[in-house]
Undergrad: 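My questions all concern the structure below.
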Amino acid sequence: MFYISNENPYESEQECMLIGLLDQPEKFLEGLKQLDDAFQGKLTELVKTGDISAKYKLVTVLHSLGNTPVKRFIFIGLGKEKELTVERLREAVGKASKKLKDLRVKSFSIALDTFIAGDISAEKAAWTVSEAYTMASYEFAGYRKKSNKPEVIIDTITVFTNEDKKKIDPAVKTGWVFGTGVNHARTLVNTPSNLLQPSDLAAYAAKLADEYGFEIELLEKEEIEKLGMGAFLAVNQGSEEPPFMIVLKYQGKADWTDVLGLVGKGITFDTGGYSIKPKDGIVGMKTDMGGAASVLGAMEVIGRIKPERNVVAVIPATDNVISEKAFKPDDVITSMNGKTIEVLNTDAEGRLVLADAVTYAKMHGADCLVDVATLTGGVIIALGLDKTGAITNNEEFYQEVKEASNKTGEFIWPLPYTENDKKRVRSSKIADLNNSPGREGHAIMGGAFIGEFVENTPWVHLDIAGTATSDGESDLGPSGATGVMVRTLAMLAIGENTQG
Ligand code: BES
Ligand code: ZN
Ligand code: ZN
């Protein structure tokens, strides 16, 4: 769907062209010179009167009225060159991409060289522009009997550039791969739980394995019982839907050493169990498998880019529902690593399923671990809706994750994790651990609990309860699932060798 061309962008017939404008008079007018000639100098006039502006994120649509073979131009303000970062570029292009939807075009082109500025290389610009477009144009189809929107699908995107096609082509593809991983994760999260059961998550993982050649292990209830995953099983106990422990392995190195473990909370619906959620708090709990979706999205990116890195993904998939068989507050359960847990709150189920999942990831050779989970409402109270909370036992590994997140613009922020926090999760009078030591600092308690199973393996916990979904639309997507952490996890696995 993306084509790269070294031809003059303004000379062929096109429905619409995206042009970046820097707020820097010489560059601005120099970039527009060729176009200005086609408009007999009238473009400069529009710039002078402020009708076309390079103000950051300002979108201007200009119809050529037959003056050029290109029918319409979308100008997107990029602001000052020295302030332009990859993140700012991504958002600006996202905003402009949304305009394309309103214009209902079937194809468009990008004047790529107008987006190469400051520290942003040609490859990085190509990656960023295609990633931003791919993410921003996402829509969840929904289930209405009759859609009132006419279907307009953009099937051709031409990227015009004077740069070498051989370096631009893979960078554009990488951006599309990252954006597509995000979009597929969003669709998983937006899908209601009656249509996305644990078995559907398992089938989805199997499809990924088939497409990208991953080794796959799908543990069913009997095997989970045999392995003694008592914490995971307790959460599933009240359900008619069978649980699955999903394992995907990507081997990018000759030997299975130096393995990155990605663990994602896969609660397909969280009622809270007998510690039942109130009627307002329960709505939206189809998204409690957001961590699993992030891991699956990242695996898709990894499967396509094929980095020289070993990765094991582990997803405990179950719902958390009530029946006469369901687990109850006060129950004491035994996890796979032998530690016993006093259940004080059945709504603190994420840490239970993740406890056995991180143990299992270590059994599969993970040398470092990242778990991703919609774990606590507490992280929203602590950091708001736009920051993912992090907990780590290893500063060096945290810096690696932080660097990956800086590159993707997915903000993470560390929460303190001290000896006192460890003491609190070990405060049960009758078991080794308790799953809910009180509401104070409970985002930290959630992470600290998982830490008891990670032990000494370098680990970062990412609580995405606030960031996995969004009530409003952003420049990079609609309201609903965000697909947060897909790109950060993929970037972490792929590292410096990524194209662009
Ligand atoms: N799935 C929820 C956390 C959540 C809350 C995700 C809001 C997305 C939006 C989790 O299982 C939960 O219920 N956590 C409890 C923990 C408490 C009982 C210690 C919470 O945060 O209240
Ligand atoms: Zn819960
Ligand atoms: Zn939950």
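One-based numbering, in listed order, for ligands and for the atoms of each. Below, each value reflects all heavy atoms present in this structure, side chains not excepted, and no hydrogens, waters or symmetry copies. Every value quoted in this text rests on a predicted model; they were computed, and no experiment measured them.
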Undergrad: Just by modelled atom types, is the I412 backbone N or O under 3.5 Å from a matching donor or acceptor in the K402 side chain?
TA: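 A pair under 3.5 Å: yes.
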
Undergrad: Provide the number and element of each atom of ligand 1 under 4.0 Å from a heavy atom of R439.
TA: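 Those qualifying, in numeric order: 22 (O).
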
Undergrad: Would you please indicate if the ring centroids of F108 and Y133 are separated by under 6.0 Å?
TA: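 They qualify: ring centres under 6.0 Å apart.
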
Undergrad: How would you list all residue pairs meeting salt bridge (charged side-chain N to carboxylate O under 4.0 Å, His left out) that involve residues 454-474, not counting sequence neighbours?
TA: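 Output for this query lists K98-E473, K339-E455, K362-E455.
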
Undergrad: Can you tell me if D356 uses its side chain to pair, donor with acceptor, with the backbone of A231 under 3.5 Å?
TA: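 Yes: the side chain of D356 pairs with the backbone of A231.
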
Undergrad: Give every residue pair that meets the salt bridge (charged side-chain N to carboxylate O under 4.0 Å, His left out) criterion with at least one member in residues 427-442, sequence neighbours excluded.
TA: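 Salt bridge (charged side-chain N to carboxylate O under 4.0 Å, His left out) check on residues 427-442 returns R424-E440.
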
Undergrad: What protein heavy atom is closest to atom 2 (C) of ligand 1, reported as residue, atom name and distance in Å?
TA: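 Closest protein heavy atom to atom 2 (C) of ligand 1: D270 OD2, 3.6 Å.
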
Undergrad: Distance from T457 atom OG1 to N393 atom CG, nearest 0.5 Å?
TA: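 Result: 7.5 Å between the selected atoms.
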
Undergrad: I need the nearest protein heavy-atom contact for atom 21 (O) of ligand 1: residue, atom name and distance, please.
TA: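 The protein heavy atom lying closest is G377 N, 2.5 Å.
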
Undergrad: Identify the protein heavy atom lying closest to atom 18 (C) of ligand 1, giving its residue, its atom name and the separation to 0.1 Å.
TA: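 Among all protein heavy atoms, the one nearest atom 18 (C) of ligand 1 is N345 ND2, 3.2 Å.
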
Undergrad: Do me a favour and list the nearest non-hydrogen protein atom to atom 4 (C) of ligand 1 with residue, atom name and distance?
TA: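 Result: M285 CE, 3.9 Å.
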
Undergrad: Restricting to under 2.8 Å, identify the protein N, O or S atoms around the Zn ion (ligand 2) as residue plus atom.
TA: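 The answer, once waters are left aside, is D270 OD2, D347 O, D347 OD1, E349 OE1.
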
Undergrad: Please determine which of V484, V486, I464, T488 meets the side chain to side chain contact (heavy atoms under 4.5 Å, CB included) test together with V372.
TA: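 Running side chain to side chain contact (heavy atoms under 4.5 Å, CB included) over V484, V486, I464, T488 with V372 returns exactly one hit, I464.
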
Undergrad: Can you tell me if S436 has a non-hydrogen atom under 4.0 Å from ligand 1?
TA: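 Flag set, S436 near ligand 1.
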
Undergrad: Of the choices M445, R351, H442, E349, which has the non-hydrogen atom that lies closest to atom 20 (C) of ligand 1?
TA: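 Ranked by closest heavy atom to atom 20 (C) of ligand 1, first place is H442.
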
Undergrad: Can you tell me if, anywhere in K265, an N/O/S atom lies at a distance from the Zn ion (ligand 3) that is smaller than 2.8 Å?
TA: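 It does: K265 brings an N, O or S atom closer than 2.8 Å to the Zn ion (ligand 3).
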
Undergrad: Between CD1 of I305 and NZ of K173, what distance do you get to the nearest 0.5 Å?
TA: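 The CD1 atom of I305 sits 7.5 Å away from the NZ atom of K173.
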
Undergrad: Atom 12 (C) of ligand 1: which protein heavy atom is closest, and how many Å away?
TA: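 Ranking protein heavy atoms by distance from atom 12 (C) of ligand 1, first comes D347 O, 3.3 Å.
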
Undergrad: Excluding sequence neighbours, so at least two apart, what forms ring pair (Phe, Tyr, Trp, His ring centres under 6.0 Å) with F449?
TA: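 So F449 forms a ring pair (Phe, Tyr, Trp, His ring centres under 6.0 Å) with F453.
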
Undergrad: To the nearest 0.5 Å, what is the distance between CG on D347 and CG on D270?
TA: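 Taking CG in D347 and CG in D270, the distance rounds to 5.0 Å.
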
Undergrad: For atom 10 (C) of ligand 1, which of the options D288, T287, L375 provides the nearest non-hydrogen atom?
TA: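 Of the listed residues, L375 has the closest heavy atom.
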
